[in-house]
Amino acid sequence: MLTNLSRLALSAAMGLMVLGCKPVHLDDDRPENARDFPRSKRDVAKIVGTQFSTESARDKRNESQVVMDIARLTAGMSVADIGAGEGYYTVRLAEVVGENGRVLAQDIDSEALARLGNRVSRERLDNVSIKPGEVTDPKLPANSFDRIFMVHMYHEVTEPYAFIWHMRPALRKDGEVIVVDVNRPTQKHGIPPKQLFCEFEAVGYQLMEFAERPDIAGFVARFKAVGKRPEPLAIQACGTDGQKSPEPR
């Protein structure tokens, strides 16, 4: 006969055994809506601020005009500025698309969006709206944009495959994603072009143009969505060499 003390000990041991048999989910450290996507195999740069450089320095290089010319931005277009930060591109995009165009400024930093909101009100930019996004999803309305700009921010995206997968439906027919970044390791706030190409290709985008631009201290890449958007579990992660490799599930 087991004593009450023995029963308690046996019960506790069985409880520990059950806990020990619980499956360990290796993706528990990731957002739930990213777990069907492959984990990024590259480093992710820490967000150190919402301003890449001073606006006067960027204007001196004619950065925004160079990028908007490559993007073939015209009046009346609807565009999204992802990772808008302090709004350097937001205000300049708004000027080019004009009163018949629209600019949606998106960021995950609520304080930056608040400052940008004040700027938009102060400069009376009636064609600009502001929307918070998530680290896995920019939360853009479907079939809404002729151009989506991702300027000096892609290397900070912690779940790149989920992020650009969720972003795809927001493009209109013939819409394009414009990425501006620097050719250096992601941990140094840039991304090697081959790595960028591979990640976008893995989610069903096609590279349309790539331009190294020393005059703006970076490069510009244009992508469009092609074919059917792949299922998350079918996406293969890219190694740091810019080559796809199967992701163990």
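Heavy atoms only: backbone and side chains are in, while hydrogens, waters and symmetry mates are out. Since this is a predicted model, take the numbers as computed values, not measurements. Count residues from 1 along the sequence.
If you run side-chain contact (heavy atoms from CB on, under 4.5 Å) between Val67 and each of Leu73, Val180, Asn62, only Val180 comes through. Across Arg61, Lys60, Arg119, a single residue satisfies salt bridge (Lys or Arg N to Asp or Glu O under 4.0 Å) together with Glu55, and that is Arg119. The only member of Glu156, Met153, His152 that meets side-chain contact (heavy atoms from CB on, under 4.5 Å) when paired with His189 is Glu156.
A 4.5 Å side-chain heavy-atom check between Asp107 and Pro132 finds every atom pair outside the cut-off. Side-chain atoms of Glu134 and Asn33, non-hydrogen and from C-beta on, do get closer than 4.5 Å to each other. Side-chain contact between Arg222 and Val177: absent, with no pair of heavy atoms (C-beta onward) separated by less than 4.5 Å. In this structure the side chain of Asn127 reaches within 4.5 angstrom of the side chain of Leu125, judged on heavy atoms. Inter-residue side-chain proximity for Ile148 and Leu171 is flagged as met; some heavy-atom pair is nearer than 4.5 Å. Taking 4.5 Å as the limit, some side-chain heavy atom of Leu196 sits within range of a side-chain heavy atom of Phe219. With contacts defined as side-chain heavy-atom distances shorter than 4.5 Å, the pair Leu116/Glu86 does not qualify. Counting heavy atoms from C-beta outward, Val120 and Ile130 have side chains that approach closer than 4.5 Å.
Partners of Tyr88 by ring-ring contact (aromatic ring centres under 6.0 Å, His included), not counting sequence neighbours: none found. For Phe200, the ring-ring contact (aromatic ring centres under 6.0 Å, His included) partners are Tyr154, Tyr205, Phe223, not counting sequence neighbours.
By the 6.0 Å contact criterion, CD on Glu95 is open, its count of non-hydrogen atoms from other residues, nucleotides or ligands being 12 or less. No more than 12 heavy atoms of other residues, nucleotides or ligands sit less than 6.0 Å from atom CZ of Arg124.
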Between Tyr89 and Glu63, does the side chain to side chain donor-acceptor pair (under 3.5 Å) criterion hold? Intermediate values first, please.
CA-CA 10 Å; Tyr89 270 85; Glu63 178 187 326; 2.8 Å; yes
Could you check Arg39 against Asp29 for side chain to side chain contact (heavy atoms under 4.5 Å, CB included), going step by step and ending with a plain yes or no?
CA-CA 11 Å; Arg39 185 187 292 269; Asp29 61 329; 3.1 Å; yes
Between Gln106 and Lys139, is the side chain to side chain contact (heavy atoms under 4.5 Å, CB included) condition met? List the steps.
CA-CA 9 Å; Gln106 182 267 12; Lys139 295 290 185 179; 5.9 Å; no
Would you check, one step at a time, whether the test side chain to side chain contact (heavy atoms under 4.5 Å, CB included) holds for Ser129 with Arg102?
CA-CA 8 Å; Ser129 56; Arg102 297 295 301 171; 4.0 Å; yes
Under the side chain to side chain contact (heavy atoms under 4.5 Å, CB included) criterion, do Thr136 and Glu32 qualify, and how do the steps go?
CA-CA 9 Å; Thr136 57; Glu32 188 172 349; over 6 Å; no
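In summary, Lys41 and Glu199 do not engage in a salt bridge, as defined by a charged side-chain N under 4.0 Å from a carboxylate O. Checked for salt-bridge contact, Asp81 and Arg147 miss the test: no charged N lies under 4.0 Å from a carboxylate O. Using a 4.0 Å cut-off between charged side-chain N and carboxylate O, Arg92 and Asp59 make a salt bridge.
Contact between Ala221 and Phe210 at its shortest, heavy atoms only, is CB-CD1, 4.1 Å. When every heavy atom of Ala112 is checked against every heavy atom of Asp109, the shortest pair comes out as N-OD1, 3.0 Å. Annotation for Ser78 and Ser144: closest pair OG-O, 2.9 Å, computed over non-hydrogen atoms. Here the closest heavy-atom approach between residue Ala80 and residue Phe145 is recorded as N-CD2, 3.6 Å. Here the closest non-hydrogen pair linking Leu140 and Met167 is CD1-CG, 4.1 Å. Between Pro185 and Pro192 the shortest heavy-atom distance is CA-CD, 4.4 Å.
Of the possible donor and acceptor atoms, one in the side chain of Arg35 sits under 3.5 Å from a partner among the backbone N and O of Arg30.
Once rounded to the nearest 0.5 Å, the distance linking CZ of Arg72 with CD of Glu176 reads 4.5 Å. To the nearest 0.5 Å, the span separating OG on Ser64 from CZ on Phe149 amounts to 10.0 Å. To the nearest 0.5 Å, the span separating OG1 on Thr186 from CD1 on Ile191 amounts to 6.5 Å. Annotation: the span from Arg168 atom CZ to Lys224 atom NZ amounts to 11.5 Å, rounded to 0.5 Å. Within the model, atoms CD of Glu201 and SG of Cys238 stand 7.5 Å from one another, a figure rounded to the nearest 0.5 Å. With rounding to the nearest 0.5 Å, the separation of CZ in Arg172 from CG in Asp174 is 11.5 Å.
Legend: ring-ring contact (aromatic ring centres under 6.0 Å, His included) pairs involving residues 165-186, not counting sequence neighbours, sorted by first then second residue: Phe37-Trp165, Phe37-His166.
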